[in-house]
Novice: 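Just passing along the structure, written as structure tokens.
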Amino acid sequence: MPTTHRQLSPAHFPPSPLPLYNPPNSTLSLSHSFLPSFIYIYAHCYKLNMSIYLTLLFSCFFLVLTFPSTSASSPQLKTQDLKPQYYNPKLPLKSLSSSKKFEGSSELVNLRYHMGPVLSSPINIYLIWYGKWAPSQQLLIKDFLQSISTSNHRAAPSPSVSDWWSTVSLYTDQTSANVSRSVLLAGEHSDHLYSHGTHLTRLSVQQVIDSAVKTKPFTVDHKNGIFLVLTSGDVTVQDFCRAVCGFHYFTFPSMVGYTLPYAWIGNSGKQCPEVCAYPFAVPGYMGGGGPGSLTPPNADVGVDGMISVIAHELAELSSNPLVNAWYAGEDPTAPTEIGDLCEGLYGTGGGGGYIGQVMKDRKGNTYNLNGRRGRKFLVQWIWNPELKSCAGPNALD
């Protein structure tokens, strides 16, 4: 991650026995003209003879020639005025680099295309609500999903969810077809009776899909369909909170009868918000030494945290649906995908445990994207294959 640059004010330096002159807007340093005077005063005060004075003076000029003044050689750091609604917890509003590279940029990330398909046809989401969900929670998640294709800036002003998805759509397959910008909610099914119990394994998540296909029944959409399984806060899932907050894969024909991409995400609100709903909750070990928890934009820590994980998984599922398209690393069973590369980054200046510059509304709620119907969301950035860096539409530089 790029380092954070901050100029020190004179208050950071101890008082000097001799007055030092600093030109306006310059960094504090020993100037060439100051050094001979300092040597003369030093020799005079301590009653050194002239030969020692000349020796010190010669040494002074040798140092000047060898190590030129840093204030003369270092370019001034360019700054950009920040709008007051931007906010970065526990970090001061800081000057931004003039670089157009975004946070997380690196030439070392070996994200490669492995010749598999991407979701280039219009994407139809079939939503499965597993467990007990409040109507308000369901509406919030559906508003996010329907915001992906809301390109009308009157309905969702920039920076918008649709703007964010435009980065996902940069990924192509071997025919140069891009990930589709059309994402539709094609159907939904509620499994409020917990048909497979209150604890699920990775394999039983596919059984939940199979039951939904047979019960609803969902139309089996071979070309455009994906399944999104969302578990309520009272459902435990294998590796949830310990190793994952969500995952994506594809169904086995032996389980569901078809090979179709799917993703699972759990509501961590009661189980592990400090793990899967960060930064709306923070781990206890951070205490007072890290950024405090932020106020979720829709007043629901669990669901607001889920939305960023849903976005993460949808971006990766669309660019790597059969785990043979876009990822870094050589092991397809543990790929590093376009969301993994930018986990924890939400805005400019992010990195090293800080989420970056985000926004606050009048109520103090934190967000970085606008959605339909006036919704606001906080969603992590993703890897941009053209910039070779993490990027988001709320970037300030």
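Computation of the quantities below employed the complete heavy-atom set of this structure, encompassing side-chain atoms and omitting hydrogens, waters and symmetry-equivalent molecules.
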Novice: Between P332 and Y327, which heavy-atom pair has the shortest distance, and what is it?
Specialist: CB-OH, 3.6 Å

Novice: Ignoring hydrogens, what is the shortest heavy-atom contact between S318 and I123? Give both atom names and the distance.
Specialist: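 Closest approach of S318 to I123, heavy atoms only: OG-CD1, 3.7 Å.
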
Novice: Considering non-hydrogen atoms only, spot the tightest contact between T295 and G364 and give its length.
Specialist: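 Of all heavy-atom pairs spanning T295 and G364, the closest is CB-O, 3.6 Å.
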
Novice: To the nearest 0.5 Å, how far apart are CZ in R202 and OH in Y249?
Specialist: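 Between atom CZ of R202 and atom OH of Y249 there are 9.5 Å.
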
Novice: Crowded around H114 NE2? As in, over 12 foreign heavy atoms under 6.0 Å?
Specialist: yes

Novice: Is the gap between the ring centers of F218 and Y126 under 6.0 Å?
Specialist: yes

Novice: I'd like to know if the side chain of W164 and the backbone of Q380 have a donor-acceptor N/O pair within less than 3.5 Å.
Specialist: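 Yes; at least one donor-acceptor contact below 3.5 Å.
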
Novice: Over 60° means perpendicular and under 30° means parallel, so tell me whether F240 and W264 are parallel, tilted or perpendicular.
Specialist: perpendicular

Novice: Test side-chain contact (heavy atoms from CB on, under 4.5 Å) on V244 and V237; report intermediate values, then the result.
Specialist: CA-CA 10 Å; V244 297; V237 178; over 6 Å; no

Novice: For C276 and C241, what are the C-alpha separation, side-chain angles and deciding distance, and is it a disulfide (SG to SG under 2.5 Å)?
Specialist: CA-CA 7 Å; C276 294; C241 294; 4.9 Å; no

Novice: Measure from NZ or CZ of R375 to the centre of the six-membered ring of F144, then state whether that distance is under 6.0 Å and the direction lies within 45° of the axis.
Specialist: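 The answer is no, since R375 fails at least one limit relative to F144.
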
Novice: Are the side chains of L140 and F377 in contact, using a 4.5 Å heavy-atom criterion?
Specialist: yes

Novice: Among L145, V309, V183, I265, which residue meets the side chain to side chain contact (heavy atoms under 4.5 Å, CB included) test with L314?
Specialist: L145

Novice: As an exercise, state the distance from OG of S120 to CZ of R181, rounded to the nearest 0.5 Å.
Specialist: 15.0 Å

Novice: Test your reading of the model: is there a side-chain donor-acceptor pair from S160 to the backbone of P157, 3.5 Å cut-off?
Specialist: no

Novice: Between the side chains of H199 and T236, does any donor sit under 3.5 Å from an acceptor?
Specialist: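 Yes, a side-chain donor-acceptor pair sits under 3.5 Å.
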
Novice: Counting the benzene-type ring for Trp, do H248 and Y262 have ring centres under 6.0 Å apart?
Specialist: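 No, the ring of H248 stays outside the 6.0 Å limit from the ring of Y262, centre to centre.
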
